[in-house]
Amino acid sequence: MSQLFTPVRIGRLTLQNRLVMAPMTRSRSDDNGTPSDLVATYYSQRASAGLIITEGVFPSAMGKGYVRTPGIETDAQVAAWKKVTEAVHAKGGRIFMQLMHCGRISHPSLLPNDAQPVAPSALKPAGQTWTASGLQDFVTPRELSLEDIAGVIEDYRLATRRALAAGFDGVELHTASGYLPEQFLSSGSNQRQDQYGGSVENRARFVLEVLAAMVAEAGGDRVGIKISPEMGFNDITDANPQETYTYLVEQVRGLDLAYLHVALFGAKVDYHALLRPLFNGAYLIGGGLDQTGAEAVLADKRADATVFGGAFLSNPDLPERFRQGLPLNTPDKNTFYSPGAEGYTDYPFASGTNAN
Ligand SMILES: Cc1cc2nc3c(=O)[nH]c(=O)nc-3n(C[C@H](O)[C@H](O)[C@H](O)COP(=O)(O)O)c2cc1C
């Protein structure tokens with residue numbers, strides 16, 4: 001008997017199924033970070049997910065890291081997101097916003113007044129990023145002062161408030177993929193000598209303070225966190241990830257969050273076995289799942305819900321396809337981040353339409 005289509009409680013919500021749409025950057029917003037009307041169509045097409053987690057959204061303009069990504073800072077952005085949440089809710093869906101501050105994984109050309117990106121330490125990441133003028137090397141970031149850090153935490157707090165004003169059911173803190181929260185958490189990118197660097201207690205402080213600010217606005221039962229231990233994306237390294245993530249999750253317990261979302265990509269340790277017993281909310285597993293894998297995870301009670309990225313991107317009606325055992329559309333990488341409807345809102349439904 002499939003567990004995928006049984007309801008599940010996540011924080012304040014009861015989801016209609018255990019299929020969660022993964023946060024995926026799709027770059028269909030304007031240069032001011034305001035989502036286009038296509039964004040509302042795209043998410044509402046996928047409203048049959050138990051829960052949608054949006055693409056990463058910058059809490060403030062200094063958190064932007066990619067062209068045409070959206071924010072939740074201005075009134076225009078809030079108004080555009082409101083259309084998204086209304087469209088999803090009108091179809092009975094549920095939607096959290098993922099808050100993503102890219103920190104040093106950015107470029108002056110993406111930031112206000114060509115500002116230097118910010119980070120816990122002035123360490124330049126290896127690699128390049130897409131800008132309006134093509135691929136460019138990352139630059140050396142500016143080290144955040146203690147006052148700056150308090151300001152960034154305040155940005156997350158206000159972003160949470162605005163996300164709720166825009167009608168979101170909750171917010172997720174992106175603590176993976178080498179962005180600002182993981183830059184603080186990881187020993188390779190954090191060489192601070194103050195209370196935000198050094199020991200694991202100090203490196204985790206930023207993430208825990210950001211979460212506390214989000215919880216103060218939304219309540220723990222409307223806040224989730226995503227982590228990807230050992231992912232290594234965006235030049236992120238940590239000397240002892242088992243210790244780091246064990247400590248983090250133990251501390252997060254006290255915040256009574258709605259969920260812990262763990263996406264693993266080739267980690268050497270079974271972090272699900274390590275972390276799930278430490279956590280007190282719903283546990284979400286993502287990363288490389290197919291239907292069979294998800295059924296097995298749920299049957300073995302290794303997670304409360306399962307998260308799908310590429311499959312949801314290319315199959316707006318993924319739950320229905322799974323329920324009926326129908327074939328899946330294949331995601332087209334060439335249109336992941338391209339402007340416009342192609343590869344965004346034109347993936348067909350199994351019913352032969354792409355009705356929204
Ligand atoms: C096009 C694309 C964009 C993504 N953007 C984000 C993002 O903004 N935030 C995030 O946490 N993960 C992002 N991811 C990772 C997904 O959330 C997910 O962890 C990953 O796709 C693995 O799941 P899958 O194997 O089911 O696709 C992205 C993935 C894809 C394919």
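These figures come from a predicted structure and were not determined experimentally. Nothing fancy with the numbering, it's 1 onward along the sequence. Atoms within each ligand, like the ligands themselves, are counted from 1 in listed order.
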*asked:* I'd like to know if the side chain of D155 pairs up with that of S60 as donor and acceptor (distance under 3.5 Å, no hydrogens or angles considered).
replied: yes
*asked:* In this structure, is the centre-to-centre distance between the rings of H272 and Y283 below 6.0 Å?
replied: yes
*When Ile, Leu, Val, Met, Phe, Trp and Tyr are grouped by side-chain heavy atoms lying under 4.5 Å apart, directly or through other members, which residues fall in the same group as V307?*
V8, I10, L13, L15, V20, L51, I53, F96, Y259, L284
*asked:* Could you check whether E230 and Y271, counting side-chain N and O atoms only, form a donor-acceptor pair closer than 3.5 Å?
replied: yes
*How would you list, by chain and number, every residue that makes a salt bridge (charged side-chain N to carboxylate O under 4.0 Å, His left out) with R253, sequence neighbours excluded?*
none
*asked:* Going by the rule side-chain hydrogen bond (donor to acceptor under 3.5 Å, both in side chains), which residues pair with S2 if we only count those two or more places apart in sequence or in a different chain?
replied: E295
Quick check for students: name every N or O atom pair between ligand 1 and the protein closer than 3.5 Å, with distances.
{"unit_1": "ligand 1", "atom_1": "5 (N)", "unit_2": "T25", "atom_2": "N", "d": "2.8"}
{"unit_1": "ligand 1", "atom_1": "8 (O)", "unit_2": "T25", "atom_2": "N", "d": "3.3"}
{"unit_1": "ligand 1", "atom_1": "8 (O)", "unit_2": "T25", "atom_2": "OG1", "d": "2.6"}
{"unit_1": "ligand 1", "atom_1": "8 (O)", "unit_2": "G56", "atom_2": "N", "d": "3.2"}
{"unit_1": "ligand 1", "atom_1": "9 (N)", "unit_2": "Q98", "atom_2": "OE1", "d": "2.8"}
{"unit_1": "ligand 1", "atom_1": "9 (N)", "unit_2": "H174", "atom_2": "NE2", "d": "3.3"}
{"unit_1": "ligand 1", "atom_1": "11 (O)", "unit_2": "Q98", "atom_2": "NE2", "d": "2.9"}
{"unit_1": "ligand 1", "atom_1": "11 (O)", "unit_2": "H174", "atom_2": "NE2", "d": "3.0"}
{"unit_1": "ligand 1", "atom_1": "11 (O)", "unit_2": "K226", "atom_2": "NZ", "d": "2.9"}
{"unit_1": "ligand 1", "atom_1": "12 (N)", "unit_2": "P23", "atom_2": "O", "d": "3.2"}
{"unit_1": "ligand 1", "atom_1": "12 (N)", "unit_2": "K226", "atom_2": "NZ", "d": "3.0"}
{"unit_1": "ligand 1", "atom_1": "14 (N)", "unit_2": "P23", "atom_2": "O", "d": "3.3"}
{"unit_1": "ligand 1", "atom_1": "17 (O)", "unit_2": "P23", "atom_2": "O", "d": "2.7"}
{"unit_1": "ligand 1", "atom_1": "17 (O)", "unit_2": "K226", "atom_2": "NZ", "d": "3.1"}
{"unit_1": "ligand 1", "atom_1": "19 (O)", "unit_2": "K226", "atom_2": "NZ", "d": "3.2"}
{"unit_1": "ligand 1", "atom_1": "25 (O)", "unit_2": "G288", "atom_2": "N", "d": "2.7"}
{"unit_1": "ligand 1", "atom_1": "26 (O)", "unit_2": "G309", "atom_2": "N", "d": "2.8"}
{"unit_1": "ligand 1", "atom_1": "27 (O)", "unit_2": "G310", "atom_2": "N", "d": "2.9"}

